[in-house]
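Remember, it's 1-based here, ligands and their atoms both numbered in the order they're listed. Residues: numbered from 1 along the sequence shown.
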Amino acid sequence: MMERPPLNVLIVEDDVVDRMACRRTFAAAQEAAFALLEADSGEHGLAIALQGQVDCILLDYGLPDMSGLEFLAQLPPSGPPVMMLTGADSAMVAAEAMRRGARDYLVKDGDGRYLAQLPTAILRMLREQRLLDGKQRAEAELRKLAAHQESIREDERKRIAQEIHDELGGLLTGIKAYIGVAIERAGGNADPLLAEASVLAQDAIATVRRVITDLRPSVLDQLGLWAALEWHTEQVAQRSNLRSACRIEPDAAELELDAGRSTMLFRVVQEGLTNVVRHAHASSVQVDAWREGDSLLITLADDGVGITEERLRNGASWGIIGMQERVRHFGGELHITHRETGGTLLRLQLPLEGQP
Ligand SMILES: Nc1ncnc2c1ncn2[C@@H]1O[C@H](COP(=O)(O)OP(=O)(O)OP(=O)(O)O)[C@@H](O)[C@H]1O
Ligand SMILES: [Mg+2]
């Protein structure tokens with residue numbers, strides 16, 4: 001049978017006696033092979049943990065140079081899982097530690113009975129960690145896939161828009177021009193059907209233009225996100241008899257966002273506006289954008305019937321999930337809530353690293 005390498009357990013504990021007891025426990029453990037690394041202070045413990053050889057950490061609460069909570073705060077989220085060792089009367093401490101990222105805890109009793117549970121508890125924690133890692137990896141992969149598909153779709157839309165513009169747009173313009181010439185040649189005696197045909201051709205041209213801009217609003221490329229948002233909000237409002245307002249604060253307007261972010265923000269607001277038109281029965285809609293610290297905030301508020309709690313809880317609505325995924329891909333967050341004054345509020349927060 002192949003020997004498994006020992007599990008590297010780091011104990012961060014200033015009490016020599018406790019450390020020694022641990023050492024003895026692991027040396028005698030039947031459950032697995034453990035190798036114990038020891039640190040007698042928080043700093044020392046962090047230094048060892050950051051070297052990357054540690055499988056898990058046993059953390060005493062009261063260290064000479066920092067508290068267990070401070071230790072947890074300094075440990076990177078990708079660091080090894082931590083089991084808190086607490087005194088018998090410190091359920092609160094354990095709960096707080098778990099909230100701050102400890103994976104588990106064990107209560108140290110005076111006569112050292114906790115030591116017997118230690119190996120099993122560690123193995124359980126590591127098993128959970130592996131499951132969690134797997135789940136997170138799978139989620140990250142899915143997210144990457146979704147983003148990739150999104151960018152393919154975006155390219156595809158651009159290509160189709162281009163093709164419709166070049167082929168169909170050209171044809172219709174040609175037809176309309178011929179009709180115009182025919183009317184002109186007939187002088188005052190043109191068949192009234194020709195005039196109607198000309199109107200139809202003009203409608204068709206307008207429709208093509210709308211389809212193209214829905215597929216890929218060229219204002220987004222030409223004028224940038226903010227003008228595109230103002231333009232699109234107004235278009236949607238006009239088409240569906242809504243009052244609309246778009247308030248872009250100067251601190252947001254001056255931001256230079258890359259193409260990926262601009263498209264994402266545009267698509268999310270677009271999707272949000274579509275929802276307002278389709279579901280809200282609103283009479284007005286408002287888009288706001290401003291900067292708050294290191295974030296860009298965009299809100300979309302309507303005064304309609306409001307989104308139901310059930311819809312919000314029940315995660316399976318693809319429009320909203322799609323918006324959320326798009327935003328998360330850029331490290332942002334999207335929240336949708338029922339407004340106190342009635343209606344629905346969509347709030348998007350996007351971190352702005354690297355922006356002055
Ligand atoms: N502004 C809004 N006001 C009221 N209800 C809303 C609003 N936005 C969304 N909803 C509710 O949330 C549900 C989910 O929205 P979501 O965009 O995910 O799906 P959808 O619009 O029904 O379908 P699609 O996948 O085509 O977007 C909607 O069906 C609607 O009931
Ligand atoms: Mg929708």
| remark: For F34, the hydrophobic cluster (side chain heavy atoms closer than 4.5 Å, chained through members) also holds L7, V9, I11, F26, L36, L58, M83, L85, L106, Y114, L115, L118, I122, L123, M125, L126
| remark: CE (M323) and CG (L348) are apart, to the nearest 0.5 Å, by 10.0 Å
| remark: Note: ligand 1 atoms sitting under 4.0 Å from heavy atoms of D302 are 1 (N), 2 (C)
| task | Find the distance between CE (M84) and CG (D60) and round it off to the nearest 0.5 Å. | result | 7.5 Å
| query | For ligand 1, does T344 get within less than 4.0 Å through its side chain, its backbone, both, or neither, judged by non-hydrogen atoms? | reply | side chain
| task | Can you pull out the closest protein heavy atom to atom 13 (C) of ligand 1? Residue, atom name and distance to 0.1 Å, please. | result | R311 CD, 3.3 Å
| task | Decide whether D303 and S283 meet the rule of one side-chain donor and one side-chain acceptor closer than 3.5 Å. | result | yes
| message | Using the rule side chain to side chain contact (heavy atoms under 4.5 Å, CB included), only one of Q162, E156, R157 pairs with R159; which is it? | response | E156
| request: Check each atom of ligand 1 against the heavy atoms of E271 and keep those under 4.0 Å away; list them by number with element. | output: 27 (O)
| task | Report the nearest protein non-hydrogen atom to atom 10 (N) of ligand 1: residue, atom name, distance rounded to 0.1 Å. | result | I307 CD1, 3.5 Å
| message | Give me the nearest non-hydrogen protein atom to atom 23 (O) of ligand 1 as residue plus atom name, then the distance to 0.1 Å. | response | R278 NH2, 3.7 Å
| Where ligand 1 meets G319 - atom numbers and elements under 4.0 angstrom, heavy-atom basis | 16 (P), 17 (O), 18 (O), 25 (O), 27 (O)
| message | Under a 3.5 Å distance rule, please check whether E13 uses its side chain to pair with a backbone N or O of D15 as donor and acceptor. | response | yes
| field | Shortest protein heavy-atom distance from atom 18 (O) of ligand 1, along with the residue and atom involved | value | I320 N, 2.8 Å
| said: Checking E271 against N275: is there a side-chain donor and acceptor pair closer than 3.5 Å? | reply: no
| field | M323 to ligand 1, any heavy atom closer than 4.0 Å | value | no
| said: Could you enumerate the protein N, O or S atoms under 2.8 Å from the Mg ion (ligand 2), written like residue then atom name? | reply: N275 OD1
| request: If you have a sec, work out which protein heavy atom is nearest atom 14 (C) of ligand 1 and how many Å separate them, to one decimal? | output: S317 CB, 3.4 Å
| note | Note: I321, heavy atoms under 4.0 Å from ligand 1, region reported as neither
| Any G304 heavy atom less than 4.0 Å to ligand 1 | no
| said: Using modelled atom types and a 3.5 Å cut-off, is there a donor and acceptor pairing between side-chain atoms of S67 and backbone atoms of L69? | reply: yes
| message | Any salt bridge linking E150 with R267? Criterion: basic side-chain nitrogen under 4.0 Å from a carboxylate oxygen. | response | no
| field | Side-chain donor/acceptor of T344 to backbone N/O of I307, under 3.5 Å | value | yes
| Distance, nearest 0.5 Å, that separates CD of Q129 from CG of D104 | 11.5 Å
| request: Report the distance from atom CG of L334 to atom CD of Q349, rounding to the nearest 0.5 Å. | output: 11.0 Å
| field | Protein heavy-atom partner closest to atom 29 (O) of ligand 1 - residue, atom, separation in Å | value | H279 CE1, 3.4 Å
| field | Straight-line distance of T299 OG1 to R247 CZ, nearest 0.5 Å | value | 8.5 Å
| Protein contact to atom 17 (O) of ligand 1 [nearest heavy atom, distance to 0.1 Å] | N275 ND2, 2.8 Å
